[in-house]
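Each remark here refers to the structure printed beneath this line.
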Amino acid sequence: MLDARLLRTDLPATIAALARRGKPELIDQLQTAAALDSRLREITSERDTVRARVNELSKEIGRLRRQPDAGDEAERLATESRAFGEQERQLAEDHGAISAQLRDIMLGLPNLPSELAPDGAGEDDNVVVKGPIGLPDEYPDHQLVPHWETGAALGILDNERAVKLSGAMFTMTRGLGATLGRALCQLALDRNADAFEEIRPPSLVTSATLTASGQLPKFADDAFAIERDDLWAIPTAEVPLTSIYRDEVLADTDLPVRMMAYTPCYRREAGSAGKDTRGMLRAHEFDKVEILALATPEQSPDLLDELLGRAEATIAALELPYRIIDICTGDLGQTHHRSFDIEVWSPGTQAWLEVSSVSWFSDYQARRANIRFRRTGQKGTEIVHTLNGSALAVPRVWAAILENHRQPDGSVVIPEVLRPYMRGADVILPK
RNA sequence: GGAACGGUGGCAGAGCGGACAAAUGCACCCGCCUUGAAAGCGGGAGGGCGCAAGCCCCGGGGGUUCGAAUCCCUCCCGUUCCGCCA
C-alpha cells in the first residue's frame, strides 16, 4: 500500500511516478483517492470536535455527581451531551463509509516504480543487463530434446499418472527425478545458510496473511482457497515469511532480518489455460526455496544486489546458460519497486525460462503488514522495507538440467554441485 | 469436538463504570557515582491521525451509558483438562 501522505504532500510527483507504469486508469484512481482523503480529513476534524465536547461534558457530569449539593445540573448536562452523541453517530458513519472507499482504492493501487527501473510499456521493453552467459553458439541435436520427452524416457517424470491423481497441470517425478528436485532445494538452502535463517512455515494461511503481502484482494483468483476452513494455499513462501513479523516493531539493530524457506507453492494459473501445458514449465504445485529480507531503507539497495547475486551464483553453479533481465516499469509486478529476473535457456523448447525473480518492495508490503522498526535513540517508528527472491524454483531448473546436460546416449549428467545430494549418482541413465 | 480460565504498553503484570494512556517490576534512554563497567541514586520515555486544537488505540466487531480497559452480545486467538489422534 502506498503512503497516504503522498496524496497530500506530493501528489504531482506521485502521479508522475505511477504514470510510468503506463496505465492511465491508475492515475484516475489516485486522484479519486486524493479527493476522498481530503474529504475524510474534514469529516475527521468535525467528528473530533463533537467528541471533544462530549468528553468535556462527561467529565463535568462526573465531577457534579460526586458533589452532594450539585442539584440537577448534572442531568441538564447529560441531556445536552446526548444531543451531541447523535451528531457524533452520524459523522462517524460518514467517516466509516469514506474511509472504507479510500481503503479499497489504496489496496488496489500498485507500488511506485523505482527511479532506476527502466521505462517500458511491457514485457518486450525489459532490458537484458547481463548475459547470456554460458550459452553455446550451437546446440548439438541430442540437447534439443524437450525435458518431458527425456523425463518420460528415463522414467523420472510421470505426468500422465499425475493427471490421474490430481488433474491437468499437476506433475510427478519419480526415482532420481524426485531425488533431483529435492537435491536442488537442499543445494539452495545450503548455499544460503551462511546468512539466512531457515524457516519451515505453514503452507496454509489466513486471508489476513495473504493480504499483508499483497496477493489479496486483487489476485484472489490466482490462489487456491480452502473455503470451508477459510484458509488459502500459499503461492510462494514470500507470503508466510513476510507475515512473520506482521504488526511488530523491530529494533534497527535487528535489521536486516534474513530468512529463507523451502515450501511447496500452489497457483491456480487462472488465465493460463493451454499455455506451457506440457512438462514442468507451469504447474499448480511446485517446490521453491525463497530468500527474504526485512531491512532499513538504506540497507535495501545493497540487499537487492546481494539477493540477486546469490540467486545468480546458484544457477551458474548448476552450469546452466542464463541471462539477467531488468524489469521495466510497464512489466513490474503490483507490489514491486524494482525487480530482476534470471532466465535460463531451454534448448528443448527454444525459450528463455524465468527461473528466479528478485524484487525490492520498498515499504509497500510492510505498510500493509504493519512491520515497523525503531532507530536507536530516536522517537517513533518507521516502516521497514522488504525484499525477496527465489533462491531456486525447482521445475524449470529441473527441466533445464534435463535438456542442457543431456548426453548423446540419452542419459543426463548431474552437475557436480548436486552430486553430494544425489546418493552418489553422477548420471541419470535410461532404465 | 467438549469444559474451564484468559487476551492490557517492548516483556511481565495491576486496574473491573468517571480524576486511566493506564500502578508496579524488568528491559530501554539521559545524568550522577566509577579509571571503566556493574550495582546504587536522580530523571525521561507508549503507538497512530492531525498544521494545530484535539481525537483514536486495553484481541476484532457490535451494544448499554452523559461517560467503558471495566457491564452485555458476538467473533477470533491462547492456556489447561477431557476426548481423538500422525
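The structure presented is a predicted model; accordingly, all values stated were derived computationally and were not measured. Chain naming here is simple, since letters A, B, ... match the order of the sequence lines and numbering starts at 1 in each.
- Between the side chains of A:Thr171 and A:Asn159, no donor-acceptor pair is found at a separation under 3.5 Å.
- On the C1' atoms, B:rC56 is 31 Å away from B:rC5, given to the nearest whole Å.
- When the ring pair (Phe, Tyr, Trp, His ring centres under 6.0 Å) test is applied to A:Phe170, the partners found at least two apart in sequence or on another chain are A:His284.
- Between the side chain of A:Arg21 and the main chain of A:Asn111, a donor-acceptor pair closer than 3.5 Å is present.
- Residues passing the side chain to side chain donor-acceptor pair (under 3.5 Å) test with A:Gln90, sequence neighbours excluded: A:Asp94.
- A stem is defined here as three or more consecutive Watson-Crick or G-U pairs, each with both distances under 3.5 Å; for RNA chain B these stems are B:1-7 with B:76-82, B:10-12 with B:24-26, B:28-32 with B:40-44, B:46-49 with B:54-57, B:59-63 with B:71-75.
- Judged by distance alone, with hydrogens and angles left aside, the side-chain atoms of A:Ser38 form no donor-acceptor pair with the main-chain N or O of A:Ala34 at under 3.5 Å.
- Rounded to an integer number of Å, the gap from A:Asp247 CG to B:rC57 C1' is 13 Å.
- In this model, no donor atom of one side chain and acceptor atom of the other lie less than 3.5 Å apart for A:Trp398 and A:His147.
- As judged by a 4.0 angstrom heavy-atom cut-off over every strand, A:Thr381 is placed among residues touching the sugar-phosphate backbone only.
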Cut-off 3.5 Å, no hydrogens considered: what does the side-chain donor-acceptor table look like for residues 174-183 of chain A, sequence neighbours left out?
unit_1   : atom_1 : unit_2   : atom_2 : d
A:Arg174 : NH1    : A:Asp158 : OD2    : 2.8
A:Thr179 : OG1    : A:Gly175 : O      : 3.1
A:Thr179 : OG1    : A:Arg423 : NH1    : 3.4

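- Remark: the separation of the P atoms in B:rA21 and B:rA68 is 12 Å, to the nearest Å.
- If you take CG of A:Leu231 and C1' of B:rC76, they are 13 Å apart, rounded to a whole angstrom.
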Short heteroatom pairs, N/O only, protein and nucleotides 6-12 of chain B, under 3.5 Å:
none

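- To the nearest whole angstrom, the two P atoms, one in B:rC58 and one in B:rA23, are 16 Å apart.
- Comparing B:rA19 with B:rU70, their P atoms sit 13 Å apart, to the nearest whole Å.
- A:Arg76 comes within 4.0 angstrom of nothing in the nucleic acid, heavy atoms only.
- In the model, A:Arg396 has no side-chain atom that pairs as donor or acceptor with a side-chain atom of A:Ser346 under 3.5 Å.
- In this model, the phosphate group of B:rG54 is not approached by any side-chain N or O of A:Arg53 to a distance below 4.0 Å at OP1 or OP2.
- In this structure, CZ of A:Arg5 is placed 14 Å from C1' of B:rC51, rounded to the nearest angstrom.
- Under a 3.5 Å cut-off, the side chain of A:Asp341 and the backbone N or O of A:Ser357 do not form any donor-acceptor pair.
- In this structure, A:Glu88 atom CD and B:rC55 atom P are separated by 12 Å, rounded to whole Å.
- Judged by distance alone, with hydrogens and angles left aside, the side-chain atoms of A:Thr329 form a donor-acceptor pair with the main-chain N or O of A:Gly120 at under 3.5 Å.
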Collect all protein-nucleotide pairs involving nucleotides 63-67 of chain B in which both atoms are nitrogen or oxygen and the distance is under 3.5 Å.
unit_1 : atom_1 : unit_2  : atom_2 : d
B:rC66 : OP1    : A:Arg82 : NH1    : 2.2
B:rC66 : OP2    : A:Arg82 : NH1    : 3.4
B:rC66 : O4'    : A:Ala78 : O      : 3.4
B:rC66 : O2'    : A:Ser58 : OG     : 3.2
B:rC66 : O2'    : A:Ser81 : OG     : 2.4
B:rC66 : N4     : A:Arg65 : NH1    : 2.6
B:rG67 : O4'    : A:Ser58 : OG     : 2.9

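- If you check B:rC51, B:rC49, B:rC55 against the side chain of A:Arg41, the one that comes closest is B:rC51.
- Considering all non-hydrogen atoms of both residues, A:Leu332 and A:Pro113 come closest at CD2-CB, 3.8 Å.
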